[in-house]
Number of protein chains: 2
Amino acid sequence: MEETAKQPNHGAIVVFKPSGQVVEVQIGTLLSDAAVEAGLSLNLPCGGQGRCGRCRVKVEHGDVSHRSAARLTTAERQEGWALGCQAVIKGDAVIFVPEQEQVEIEFVTKTVGAERIALAADFKGEVDPSVRRAYVAITPPSLDDQTTDWDRLLRALSLEHGIREVGANLATLRDLARDLREAEWSVTAVLDMGDPERDTCARPRLIDLLPGDQTGRCYGVAIDIGTTSNVVYLVDLVRGKVIDRASAYSGQIQAGEDVISRIVFAQKRDGLNRLQKMVLKTLNGLLEELTSRNQIPASQISKAVVAGNTTMIQLFLALDPKTIREMPFIPTIGQPMAVTAEELGLAINPRATVDCLPVVGAYVGADITAGVLASGMHETDALTLFIDVGTNGEIVLGNRDWLITCACSAGPAFEGSGVRHGMRATAGAIEEVWIDARTYEPTYETIGNLPARGIAGSGMIGLLADMFITGIVDKAGKIARDLPTPRVRVGDHGGEYVVVWANQSGIGTDIVINEVDIENLLRTKGAIYAGFTVLVQSVGVELADVEQVFIAGAFGQYINIEKAIHIGLLPDMPWDRFHYLGNTSALGAFHSLVSRAMRHEVFEIAQKMTYLELSADNTFYDRFMSALFLPHTDITAFPSVMRLLKEREG
Amino acid sequence: MEETAKQPNHGAIVVFKPSGQVVEVQIGTLLSDAAVEAGLSLNLPCGGQGRCGRCRVKVEHGDVSHRSAARLTTAERQEGWALGCQAVIKGDAVIFVPEQEQVEIEFVTKTVGAERIALAADFKGEVDPSVRRAYVAITPPSLDDQTTDWDRLLRALSLEHGIREVGANLATLRDLARDLREAEWSVTAVLDMGDPERDTCARPRLIDLLPGDQTGRCYGVAIDIGTTSNVVYLVDLVRGKVIDRASAYSGQIQAGEDVISRIVFAQKRDGLNRLQKMVLKTLNGLLEELTSRNQIPASQISKAVVAGNTTMIQLFLALDPKTIREMPFIPTIGQPMAVTAEELGLAINPRATVDCLPVVGAYVGADITAGVLASGMHETDALTLFIDVGTNGEIVLGNRDWLITCACSAGPAFEGSGVRHGMRATAGAIEEVWIDARTYEPTYETIGNLPARGIAGSGMIGLLADMFITGIVDKAGKIARDLPTPRVRVGDHGGEYVVVWANQSGIGTDIVINEVDIENLLRTKGAIYAGFTVLVQSVGVELADVEQVFIAGAFGQYINIEKAIHIGLLPDMPWDRFHYLGNTSALGAFHSLVSRAMRHEVFEIAQKMTYLELSADNTFYDRFMSALFLPHTDITAFPSVMRLLKEREG
């Protein structure tokens, strides 16, 4: 654009694309302020500190000066990209503002691996569930053909579909005579075929007999029984897609927040039975929600695949988990046998198979084998680290050749437990926090953009990182006493920082984080980091050799890798090596449900995984102690954090 | 012995061997009277009419004259045998009296096939049940070996016994952790191995885990669920022997005496469930009796094999038998799947397999397939007829090459139903009757030699035959009105014959047989005989071509073949072609329990048997009508009876 005659007031015309808004501003105006004047809003997650890079815009014409471009690569700057909160108008300009929602999505997916999140609702392999439906029009009996009802059905399945050697439970047989006649001999058999490709003795099992031709639809559920929350995916087995999902807090929480307390509860009189009933109540409630919302009768759900940690699986099956807790920590079974829904009381078709995925040890369960499956780390050559940031802190290291795992008993701090204002990643949870280094004022975002009700795991990571970077806490996690902000004060549990004042929060009180909370967070992140280091050293490699890190867990949309590195939860590596995969337990269960090949893979994964008992490893304690600092007693292990701290000092 | 000087009183010295008793009697004394004087007792079942041949003695020295020797062959007479009740002392003599009990046994076995009765308590083949026990001393877990409990057990079974791919029900798994530890890792696994020799996909299933080494004993039960009575054999599976047996009336009788009325009852609200509970109550009562009497805990009974007619099997499994009764008469299943005791509520080890033998059709059930197995007719070249003289009157014709069967709906007359004083073959039941042709006085024997309480099936056959032979009834079964005996009179149901006067009976009233009873007996025997003829004609042979006839049924000790021919129940053939086999249903179940090869044979028998639907065969009715006479409208089909009647006239 040619320069027009300058006004004596040193103004500049700024045109914003694609909206076409035009504004005249003073030279020296911040680009983000100019956008506001033009009626546009730029996302400013970090509050305009130039730290998050999400206010980026492209200068198509004209010039801006850059206060900071920390988040931009050289190439990007050469292309004309600038940070809206750090760029200053020097003259007339044309500025392209990317679609803000798209920026958010890209930011999220850049850290999380787009293809993985997409998989949560989709399965790209061959859809091949073990359940199938077969329609037969059966010749009715007569005095000349007095074949029994069962043999008659089998004959039709064999002749019309080549399906042979079908078995059934006695309960199924009890409905047969009536079902055949009511349907006037025109029926759809719902069968669980097993996996004959990989098990020569797999025989089809009749689950149900429906009137007429009902081969067009077939449903299953993938279930994740977490210690804290349970998730059910309703799956269309014909198309191999997740139709809907529902989740709720586990009904077992009343019997204990963590695995150990539930194992103790199970020892009470009728404790085991009651625990099983609690989880069934939760799951059946979720099934009710899904079936009524989608208008699908529960009897049409013909299979369930279940993942969960070892104790959850045992309680679900009413197998006393006592020996899981006692030395030397032994589960009852590694590959639970398939059972029927009615044996357990699960409210799907009573004869449907309920298949619990395999567990590896007392503290590495089916949620982890499912997670490894979903992550694909068992199929890659790249040295991969997989971490499920939950209470047990299970970690898997390996690739297609070998897999080693351990559980670092991290504790439930990131899930909200042990942190005063911690909560699950649901509506109103703070999931992102930035603190201004000068004012100590926070900028935060909540799930659903609702008034804050508490802090989710990802929010805690961001909060602790920024408190550390800004100096509100020291490397030992102690809150500085004399900072010029009312947000830092002394409360009932020592020093605390107010994230949200009462009048802005959605719960009527201040939302704070205190020194006890921080101590719990440090222990949790320290156990995880120690787990990483012990695991890699046990196979003679370094953390730096790890090519990709997969993170699973209930963080909600995402986890901020950068900040997780700042606090020393994750190793200091290029961020593009990290991928957040979401709920890999449910994902792996889903894959196992829609594909027999996948189901077989998870069996092989469990066979392959070797378990490292950390309590028997004498280096774990030392590593844990070293990791209780921010980011670590050995700061040289975190060069990027060293640099950041130096910059801050300077 | 030399003749001593004769006394003028014409006496003779008779020495009885082996007892050594000596007696002096008048010449002309009946030998049986001489025996009585000597203090011996000769069995005189037919009352001294010379008709039964069971008072036979051997004249070792001296002479007797024979009033009659009808039952003795020429060779026997040449050897010196004489009928005690027909031989007259002519001079000094030495008489050998066979052991009377032995005579009875021989009489019975000559008609019944000794080897078969022996089989009832014995199995001569290779003892090879599907249940086995294996003891393992397991290495306990440690931090270095955290193998799960289930895998640890499987590893031990594989290493020490070569037993692989073991499965279990979830219920079994629930006790595992506790059982292993309480037994301090030294356990006996009770396994149902299935039949891998004949089913390549048979996998062992863990039924129970016992502390220490308990391989020395192993038990099972063979069960016969009859319409009227249920029988349980307690079997030692290590030795392949029946240890004990118990029987009782079926608890289902309150819901109907016959199969059809029970099927009707099953249609009532909760009818099916109640019927199942009734039979379980009976069976569990028998099990309780056996386990307490033999001091064997019910949990040590690791398998049950069950036989019974099709309706009984379906009711036992709570499969609605409705379609059995409705045209075109279709059972739900031919080979019921194996289930566990706890699925049914049978009081043996809850995880034990309950294996119901196969049925052939709505009216030819597992009692018949078991019966064919026990009879061995499927292994012989001889053309064989097998008849189960029960309510359904099932008949099987064939040999190793082919088997054809039908059910002639005989009715329960021979089991006591429909006959005023009919009863089961238990204590006090008249099982043998002879009527003196001149006096019309009866001679009878009861089971247990107790005062008569009623007439068993075999007693009815003998009674009807003798009433016919002596002219008390005519060929139409009508009782003659003007006979010179108070035993023949008119009662509430037409003419009747008093078998036992009240003052001699064990029930305080006269025991009679009346014209209505006789009508029922004629219909029953007529249906059976008609079944025979239709069956042989359907394959183009004659009854005379049949080489052996096997009779099964609840007749107690035996059935009198001769008399059964007299009334036209059995075809007129040489008596040595007939063999009474007793309860072949229980026998076949027992064989199937102790031998997997036998179990497989009964499967093949069921496959091979073709069913002939008599109601679709238009000759059955005509044959039935012809058979309603004594012995038949065509008397020439019964030459031996013709001869007997002629003798009587003469």
Side-chain angles (χ1 to χ4, degrees), chain A residues 140-153 165 167-178 180-181 199-203 272 310 314 317-324 326-340 343-344 359-362 611 613 615-616, chain B residues 140-152 165 167-178 180-181 199-203 272 310 314 317-324 326-340 343-344 354 359-362 611 613 615-616:
Chain A
S142 63
L143 283 177
D144 296 318
D145 173 18
Q146 291 175 310
T147 308
T148 71
D149 287 346
W150 178 248
D151 292 323
R152 187 173 299 274
L153 173 65
E165 297 191 84
N169 301 86
L170 183 60
T172 313
L173 201 64
R174 287 186 175 136
D175 300 329
L176 184 70
R178 183 203 66 208
L180 286 171
R181 287 164 181 77
D199 171 12
T200 45
C201 282
R203 296 254 171 82
L272 182 61
T310 308
Q314 293 212 190
L317 298 175
L319 297 171
D320 189 341
K322 185 172 190 249
T323 56
I324 285 175
E326 301 168 342
M327 275 272 278
F329 319 121
I330 310 295
T332 301
I333 189 165
Q335 294 175 57
M337 62 280 297
V339 295
T340 59
E343 279 182 79
L344 300 176
V359 309
V360 171
Y611 181 69
E613 177 58 57
S615 65
Chain B
S142 64
L143 282 178
D144 295 317
D145 174 18
Q146 290 177 310
T147 307
T148 71
D149 287 345
W150 178 247
D151 292 325
R152 186 173 300 275
E165 297 192 83
N169 301 86
L170 182 60
T172 312
L173 200 64
R174 288 186 174 136
D175 301 329
L176 185 70
R178 183 203 66 208
L180 286 170
R181 287 163 180 78
D199 172 11
T200 46
C201 281
R203 298 255 170 83
L272 183 61
T310 308
Q314 293 212 192
L317 298 174
L319 297 172
D320 190 341
K322 184 172 191 248
T323 56
I324 286 174
E326 300 168 344
M327 276 273 279
F329 318 121
I330 309 295
T332 302
I333 188 165
Q335 297 176 55
M337 62 279 297
V339 296
T340 60
E343 279 183 78
L344 300 176
V354 178
V359 309
V360 170
Y611 179 70
E613 176 58 56
S615 65

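These numbers come from a predicted model, not from an experiment. By convention in this document, chain letters (A, B, ...) are assigned in the order of the sequence lines, proteins followed by strands, and residues within each chain are numbered from 1.
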(message) Checking Asp320(A) against Arg181(B) for the salt bridge (Lys or Arg N to Asp or Glu O under 4.0 Å) test, could you report, in this order, the C-alpha distance in whole Å, the side-chain angles of both residues, the deciding distance, and whether it holds?
(response) CA-CA 13 Å; Asp320(A) 189 341; Arg181(B) 287 163 180 78; over 6 Å; no
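Nearest heavy-atom pair, Leu170(B) versus Glu343(A), reported as atom, atom and distance to 0.1 Å: CB-OE1, 4.0 Å. Here the closest non-hydrogen pair linking Ile330(B) and Thr148(A) is CG2-CA, 3.9 Å. Between Gly334(B) and Asp151(A), the shortest heavy-atom distance links the atoms N-OD2, 4.1 Å. Closest heavy-atom contact between Asp149(B) and Thr323(A): OD2-OG1, 4.4 Å.
Residue Leu272(B): no heavy atom, backbone or side chain, is found under 4.5 Å from chain A. With a 4.5 Å cut-off on non-hydrogen atoms, Ala171(B) does not touch chain A at all. In this structure, chain B has no heavy atom under 4.5 Å from any part of Ala362(A). Only the side chain of Leu176(B) has a heavy atom closer than 4.5 Å to any heavy atom of chain A. Looking at Thr332(B), both its backbone and its side chain come within 4.5 Å of chain A, counting heavy atoms on both sides. With a 4.5 angstrom heavy-atom cutoff, Leu180(A) does not touch chain B via any of its atoms.
The backbone N or O of Leu317(B) lies less than 3.5 Å from a partner atom in the side chain of Arg174(A), making a donor-acceptor pair. Using a distance-only test at 3.5 Å, with no hydrogens or angles considered, a donor-acceptor pair links the side chain of Gln146(A) to the main chain of Pro328(B).
Residues passing the side-chain hydrogen bond (donor to acceptor under 3.5 Å, both in side chains) test with Ser142(B), sequence neighbours excluded: none.
Contact count versus chain B (heavy atoms, under 4.5 Å) is highest, among Gly361(A), Ala177(A), Ala318(A), Pro140(A), for Ala318(A). Contact count versus chain A (heavy atoms, under 4.5 Å) is highest, among Ser615(B), Ala202(B), Pro336(B), Ala168(B), for Ala168(B). For chain B, the option among Val339(A), Thr200(A), Leu173(A) with the highest count of heavy-atom pairs below 4.5 Å is Leu173(A).
Look at Asp199(B) and Arg203(A) and you find a salt bridge, because one of the NZ, NE, NH1 or NH2 atoms lies within 4.0 Å of a carboxylate O, short of that distance.
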